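The model shown is predicted, which means the values in this text are computed figures rather than measured ones. We count residues from 1, following the sequence as given.
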Amino acid sequence: MLAWGRSSRVFLSLCLVAGRIATAQIVQPAFVPPIERSAKGPYPPSTANIGPAWFVDVAQPAGLRMQNVNGGVNTKKYIIETTGSGVAILDYDHDGWPDIFLVNGDTLEAKPAHESLPTSHLYHNNHDGTFTDVTAAAGLSAAGWGQGACVGDYDNDGYDDLYVTYYGKNRLYHNERNGTFKEVAADAGVAGNGKSWGAGCAFVDYDRDGRLDLMVSNYAYFDLATTPKPGEGVMCIWKGTPVMCGPRGLPSTPNVLYHNLGNGKFADVSKASGIEKTNGHYCLGVSTLDYNNDGWPDIYVACDSTPSILYRNNKDGTFTDVGAETGVAFDEDGREQAGMGATIGDYDGDGRPDIFKTNFSDDRSSLYRNNGDGTFSSRIFEAGLGLNTQYLGWGAMFLDVDNDGWLDILSVNGHVYPEVDTAHLGSSYKEPRLLYWNTGDGKFKDISQKAGPGCTEPASSRGLAIADLWNDGRQSAVVNNMSGTPMLLVNLAANKNHWLGVTLEGTKSNRDGIGAQVTVFSGSRKFVQEVRSGSSYISSNDLRLHFGLGESTGVDRIEVRWPSGLNESFAPKGVDHFVSLTEGSGKAQNHLPGT
């Protein structure tokens, strides 16, 4: 993680909602609001709340109470204690309601035999605003130093599976279609060597054969026996204070690509595909996108203290890193950054996928606008996003908080050094979340201070995932916090805009439709999104797509460009609901470029 000096800026926010008072300096015990229900479902929005968004944390009453464990609380001796854990959204029981999986970590100290080890947790959506912890019943109680997670139906049986990365061997949980999972990573060939430090992941059908492959990013090679302690090396001092060491100075490990063989097995094709050629990077968040619109999925990886990577799909089973030549490896001054997470979305409405990336404190985030010619341009300043350099960003997602048809940005933050508080280094270990509202003209407005206590209450956050948890057209956010309990941020601000949810079912393509490009035509506008696993910071979002439609009361048509090469048109009826589109049931248009 890059450590650059900065001037001190004191963050102070006072919010009073439902009896909760939170400031960046003093956090009073939070009042837990009761679960509100109406004919429209739990946590109904109200015109009394200030728009476009008023986020409130309802994790406690909703039943999300996992205690995150990631090394020491007041001090971090080693970098493994700082990277935190991700979030995955999946409908594991196929009931139409998104469930939540929270990854958990571990400690360096051995626990007494009578104490249970921390585990990740799976929460079942009860459809009423609450969740039930079903971790043990689902067979997910294994301990270990978890990092990230991604979701995909790798065997096309109609039930989503779960891959979890670890400091150690990774795990693949096959969905048994009866409410339980079976760990099959070793048998499937995707456990890894146990020495690489797995970070981000994404299921992606890179060769478009109808089977989901698996991309895994690796952070560093970390060995307690050889890693210096705080202050013992040149990379172990920050602003004159001894801190944990790394990632610079630590050996790197190459990323991994697994090809799905179709029989429950995967083959490691990292070398043959060219993925291994990007050695020397410290890689974290993984996002897939078709940046050059050739119909083949590419892969973007946010890298810490080294240039970020854009793997261009060469359409022959190989990839080439084109991050530098396309303009997404460095900042606008040509400097490498300490990238953590990234999100993909068409923020300016031109139909092309853009990239937003979070970075270390004393630096700004990155916004890369897709030029449509295979290159990107940095637009962080032009978009009004270059001011908040005091925060250390992790998970980030494009989402439409008010369904006005323009993608906003939610970013979660938190420092890696607890010493910033005790040594008074001008930073805060716990930081607020940032919400940037899209003004529709290529610019954003920072509305974080006016977006409710869900944004302003400080925490040391890492993973972030987005989902319409109650199928009511509002996207909520699940946040995994270091050494704390998670947040479930619900938007209680009402609006009169309309929306459409889209679920895909592939037949020749992979069952989830991962990699499909969906275009919604409504009036004079068109909205383009891709189905993807992974993204944000080592997290995975709801695979269903959410389209804000603004004041439009109808959809003219939906076009789906399936990974198989089929391009179909569908004529949905109405708005403000979900539609399910099955490959082969629409009106065929043409085929993908190059097919």
Side-chain angles (χ1 to χ4, degrees), residues 6 9-15 22-24 50-57 84 87 285 302 337-345 347 354-368 379-402 406-416 420 427-439 443-466 475-482 487-491 493 535-537 539 541:
R6 69 169 177 83
R9 174 176 174 180
V10 179
F11 167 77
L12 180 61
S13 172
L14 180 63
C15 301
T23 73
I50 302 172
W54 188 263
F55 280 109
V56 174
D57 176 18
V87 183
Q337 296 175 286
M340 307 300 175
T343 179
I344 312 297
Y347 81 90
D354 310 301
I355 302 172
F356 178 84
K357 178 170 66 75
T358 56
N359 298 308
F360 203 80
S361 62
D362 306 319
D363 192 9
R364 63 193 69 87
S365 297
S366 305
L367 179 67
Y368 300 112
R379 288 290 185 269
I380 195 69
F381 290 111
E382 292 85 346
L385 299 175
L387 298 178
N388 287 316
T389 60
Q390 68 271 37
Y391 301 125
L392 200 166
W394 298 90
M397 280 304 301
F398 281 113
L399 75 166
D400 191 346
V401 295
D402 56 353
W406 297 98
L407 293 179
D408 314 299
I409 299 173
L410 178 64
S411 172
V412 304
N413 311 288
H415 220 283
V416 294
V420 298
S427 301
S428 296
Y429 182 64
K430 295 183 177 182
E431 298 176 334
R433 280 137 302 289
L434 295 172
L435 180 60
Y436 298 112
W437 182 65
N438 193 328
T439 58
K443 298 180 180 179
F444 293 84
K445 181 179 180 181
D446 184 352
I447 62 170
S448 310
Q449 296 295 311
K450 300 178 181 179
C455 280
T456 56
E457 184 178 346
S460 187
S461 303
R462 297 296 188 265
L464 164 70
I466 301 298
Q475 292 181 286
S476 298
V478 182
V479 184
N480 207 340
N481 294 318
M482 290 279 287
M487 289 180 170
L488 199 173
L489 307 181
V490 177
N491 184 6
S535 204
S536 186
Y537 172 70
S539 296
N541 304 280

Apply side-chain contact (heavy atoms from CB on, under 4.5 Å) to residues R433 and M487 and explain how you reach the verdict. CA-CA 11 Å; R433 280 137 302 289; M487 289 180 170; 3.5 Å; yes

side-chain contact (heavy atoms from CB on, under 4.5 Å) for L489 and V56? Distances and angles first, verdict last. CA-CA 5 Å; L489 307 181; V56 174; over 6 Å; no

Before you tell me yes or no, could you show the steps for Y347 and F444 under ring pair (Phe, Tyr, Trp, His ring centres under 6.0 Å), namely the whole-Å CA-CA distance, both residues' side-chain angles and the distance that decides it to 0.1 Å? CA-CA 10 Å; Y347 81 90; F444 293 84; 5.7 Å; yes

Show your reasoning for whether side-chain contact (heavy atoms from CB on, under 4.5 Å) applies to S365 and L385. CA-CA 7 Å; S365 297; L385 299 175; 6.0 Å; no

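The closest donor-acceptor contact from the side chain of T343 to the backbone of F398 lies under 3.5 Å. Without hydrogens or angle criteria, R462 side chain to M482 main chain gives no donor-acceptor distance under 3.5 Å. Under a 3.5 Å cut-off, the side chain of D363 and the backbone N or O of A338 do not form any donor-acceptor pair. No donor-acceptor pair under 3.5 Å is formed between the side chain of S460 and the backbone N or O of G414. S535 places a side-chain N or O within donor-acceptor distance of the main-chain N or O of A342, the cut-off being under 3.5 Å. Checking side-chain atoms of N481 against main-chain N and O of A459 turns up no donor-acceptor pair under 3.5 Å. At distances below 3.5 Å, at least one donor-acceptor pair connects side-chain atoms of N413 with backbone N or O atoms of P432. In this structure, the side chain of S476 does not engage the main chain of V490 through any donor-acceptor pair within 3.5 Å. Counting only distance, with no hydrogens or angles, the side chain of S536 and the backbone of L464 share a donor-acceptor pair below 3.5 Å. A donor-acceptor pair under 3.5 Å links the side-chain atoms of N491 to the main chain of W54, judged by distance alone.
We find the OG1-CG distance between T456 and L434 to be 11.5 Å, quoted to the nearest 0.5 Å. To the nearest 0.5 Å, the span separating CZ on R364 from CD1 on I380 amounts to 8.0 Å. Note: L410 CG to S448 OG = 8.5 Å, rounded to the nearest 0.5 Å. Distance check: L407 CG to L399 CG gives 8.0 Å after rounding to the nearest 0.5 Å. Between the CG atom of D57 and the CG atom of L488 there is a distance of 7.0 Å, given to the nearest 0.5 Å. Note: W437 CH2 to K450 NZ = 12.0 Å, rounded to the nearest 0.5 Å.
Using a 4.5 Å heavy-atom cutoff, the side chains of W394 and S461 are not in contact. Using a 4.5 Å heavy-atom cutoff, the side chains of F360 and M340 are in contact. By the 4.5 Å heavy-atom criterion applied to side chains, K357 and Q337 are counted as neighbours. With a 4.5 Å cut-off on side-chain heavy atoms, L435 and F55 count as touching. Counting heavy atoms from C-beta outward, I355 and L367 have side chains that stay 4.5 Å or more apart.
Summarising the geometry of P52 relative to A493, their closest heavy-atom pair is O-CB, 3.9 Å, with the distance given to 0.1 Å. In plain terms, the two heavy atoms of A477 and I466 that are nearest each other are CB-CD1, 3.6 Å.
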